[in-house]
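The model shown is predicted, which means the values in this text are computed figures rather than measured ones.
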Amino acid sequence: MGLELYNSSMIKVSYVEISQKDKSRIEVALPIWLQEVRELLPQVPEVIEVIFDNQYLIKITGTGGFALDKDKIALAFDPAFTNKNLQFNNLRGSFYHECFHLVQGWVGGVAGGEISAIEDALMEGSATVFERERTGTKPPWSDYSDIKNIDEKLATIKELGANYDWQKWKFYDPETNTRWILYKVGVYLTEKILDNNPELTIEDVAGMKVAGMLDAAD
């Protein structure tokens, strides 16, 4: 049975197995985070449904997320994660990340065969920059320093098209032992967009189409 929260922001929440102590902290935090993110991105819906679902869990952060629909996001929360303050900071970052996707319209089960790899990279990379810059978190997929040939990776991603191995490119490439390649290349491109266009903020990027983002990164 899902627990519902009602306040001025109208958040409905359903949980997985989370302790009452963590639930109580989440209940306080989510309305605050929604208010914060709507001050940055007023296009975020006033009413959001949050479903906790650990199929999206990233073990290293103890959290995770997915934008399910225009006003619905999933969050993950590892009940066994020991550093709770770090975990809640990461959860705030995940919340911001998924709200950015709501504004982008980057929602639902979009995967390989439907969208191009470069589009995927730009959507995920820009949401990651928003998460990092506006919450102060340090998601490991935001650091591309381990990809020494990043411009070559970028060129390859542009050629991949829609029928690519998104598990390999988004999450883990066993051939190179590299994780989150699309995210990292997307962060790289988003940083170029902002460096090349100092009049733009990361919030402006949320409303840009892929073609415009690529032009702005050149």
Side-chain angles (χ1 to χ4, degrees), residues 1-104 106-108 123-143 170-171 179-180 183-184 186-187 190 202-203 206:
M1 189 74 178
L3 178 143
E4 295 186 355
L5 302 177
Y6 295 97
N7 60 13
S8 60
S9 300
M10 291 292 290
I11 298 181
K12 178 181 179 182
V13 184
S14 57
Y15 291 109
V16 290
E17 292 300 319
I18 298 175
S19 72
Q20 187 56 52
K21 182 178 180 180
D22 286 336
K23 284 182 182 180
S24 298
R25 188 170 178 179
I26 289 167
E27 291 169 19
V28 172
L30 281 177
I32 295 171
W33 296 345
L34 180 56
Q35 183 177 5
E36 289 173 351
V37 81
R38 290 194 76 250
E39 289 177 359
L40 297 168
L41 292 169
Q43 311 95 312
V44 171
E46 294 182 17
V47 180
I48 288 184
E49 182 176 358
V50 179
I51 298 172
F52 279 84
D53 186 342
N54 278 354
Q55 71 170 303
Y56 304 109
L57 181 66
I58 301 168
K59 281 287 188 179
I60 194 171
T61 65
T63 65
F66 188 75
L68 296 164
D69 206 342
K70 58 181 173 46
D71 56 0
K72 182 187 297 186
I73 67 173
L75 292 176
F77 189 89
D78 182 358
F81 199 87
T82 55
N83 188 334
K84 290 299 177 183
N85 287 333
L86 176 61
Q87 186 179 24
F88 270 85
N89 286 337
N90 292 339
L91 188 65
R92 180 169 174 250
S94 295
F95 183 83
Y96 271 58
H97 184 114
E98 302 312 327
C99 284
F100 195 86
H101 284 328
L102 297 185
V103 175
Q104 292 175 311
W106 191 247
V107 300
M123 295 296 106
E124 294 295 359
S126 56
T128 298
V129 171
F130 178 71
E131 167 188 0
R132 183 189 68 190
E133 296 303 310
R134 300 307 185 222
T135 70
T137 57
K138 297 179 180 179
W141 48 91
S142 71
D143 180 4
K170 289 192 77 166
F171 301 116
R179 296 186 184 276
W180 304 301
Y183 286 81
K184 293 177 178 184
V187 168
T190 302
I202 187 58
E203 290 78 20

Worksheet entry | Minimum-distance pair of heavy atoms, taken over all atoms of Pro140 and Ile60 | CG-CG2, 4.1 Å
Worksheet item: Relative to the ring of Trp106, is the ring of His101 parallel (under 30°), tilted (30 to 60°) or perpendicular (over 60°)?
Response: tilted
Discussion item. Quick check: do Lys72 and Ile51 have side-chain heavy atoms less than 4.5 Å from each other?
Written reply: yes
Practice prompt. Take Phe130 and Thr128 through the side-chain contact (heavy atoms from CB on, under 4.5 Å) test and state the conclusion after the steps.
Written response: CA-CA 5 Å; Phe130 178 71; Thr128 298; over 6 Å; no
Worksheet item: Side chains of Phe77 and Phe88: closer than 4.5 Å at any heavy-atom pair?
Response: yes
Worksheet item: How many angstroms lie between atom NZ of Lys12 and atom CG of Asp71, to the nearest 0.5 angstrom?
Response: 10.5 Å
Discussion item. Return the CG to CZ distance between Leu91 and Arg25, rounded to the nearest 0.5 Å.
Written reply: 9.5 Å
Worksheet item: Do you know which two heavy atoms are closest between Pro45 and Leu102, and how far apart they sit?
Response: CD-CD1, 4.1 Å
Item to complete: Return the minimal non-hydrogen interatomic distance between Glu131 and Gly93, and the atom names on each side.
Response: CG-O, 3.2 Å
Worksheet item: Going by heavy atoms in the side chains, are Tyr56 and Leu68 under 4.5 Å from each other?
Response: yes
Worksheet entry | Presence of salt bridge, Glu36 and Arg134, under 4.0 angstrom | no
Fill in: Closest non-hydrogen atom pair, Pro79 against Asn54
CD-ND2, 4.0 Å
Worksheet item: Rounded to the nearest 0.5 Å, how far does CG of Leu41 lie from OH of Tyr96?
Response: 9.5 Å
Practice prompt. Go through the steps to decide whether Ile48 and Leu34 satisfy the test side-chain contact (heavy atoms from CB on, under 4.5 Å), and finish with yes or no.
Written response: CA-CA 9 Å; Ile48 288 184; Leu34 180 56; 3.4 Å; yes
Worksheet item: Does CD belonging to Glu17 count more than 12 external heavy atoms closer than 6.0 Å?
Response: no
Worksheet item: Can you tell me how far the CG atom of Asp69 sits from the CD atom of Glu49, to the nearest 0.5 Å?
Response: 9.5 Å
Discussion item. Whether Arg179 engages the ring of Phe171 as a cation-pi pair (distance to the six-membered ring centre under 6.0 angstrom, angle to the ring normal within 45°) should be assessed.
Written reply: no
Discussion item. For Gln43 and Arg38: C-alpha separation, side-chain torsions, deciding distance, then whether side-chain contact (heavy atoms from CB on, under 4.5 Å) applies.
Written reply: CA-CA 7 Å; Gln43 311 95 312; Arg38 290 194 76 250; over 6 Å; no
Practice prompt. Taking only Lys NZ, Arg NE, NH1 and NH2, and the carboxylate oxygens of Asp or Glu, determine whether Lys59 and Asp78 approach each other closer than 4.0 Å.
Written response: yes
Discussion item. So Asn89 and Thr135, do their side chains get closer than 4.5 Å, heavy atoms only?
Written reply: no
Practice prompt. Could you tell me whether a side-chain N or O of Ser142 sits under 3.5 Å from a main-chain N or O of Lys138, the two making a donor and an acceptor?
Written response: no
Worksheet item: Between Phe100 and Phe95, is the ring centre distance below 6.0 Å?
Response: no
Item to complete: In sequence, state the C-alpha distance, the side-chain angles, and the governing distance for Gln104 and Ser126, and then conclude on side-chain hydrogen bond (donor to acceptor under 3.5 Å, both in side chains).
Response: CA-CA 10 Å; Gln104 292 175 311; Ser126 56; 2.9 Å; yes
Discussion item. side-chain hydrogen bond (donor to acceptor under 3.5 Å, both in side chains), that's the test. Do Ser94 and Thr63 meet it? Break it down for me.
Written reply: CA-CA 7 Å; Ser94 295; Thr63 65; 3.2 Å; yes
Worksheet item: How many angstroms lie between CD1 in Ile73 and SG in Cys99, if you round to the nearest 0.5 Å?
Response: 5.0 Å
Worksheet entry | Over 12 foreign heavy atoms within 6.0 Å of CG, Leu86 | yes
Worksheet item: Roughly how far, to the nearest 0.5 Å, is the NE2 atom of His97 from the CD atom of Glu124?
Response: 4.5 Å
Worksheet item: Where do Val50 and Trp33 land on the side-chain contact (heavy atoms from CB on, under 4.5 Å) test, with the steps shown first?
Response: CA-CA 12 Å; Val50 179; Trp33 296 345; over 6 Å; no
Fill in: Closest non-hydrogen atom pair, Gly125 against Thr190
C-OG1, 3.6 Å
Item to complete: List in chain and number order the residues that pass side-chain hydrogen bond (donor to acceptor under 3.5 Å, both in side chains) with Lys84, two or more places apart in sequence or in another chain; answer none if no residue qualifies.
Response: Asp22, Gln87
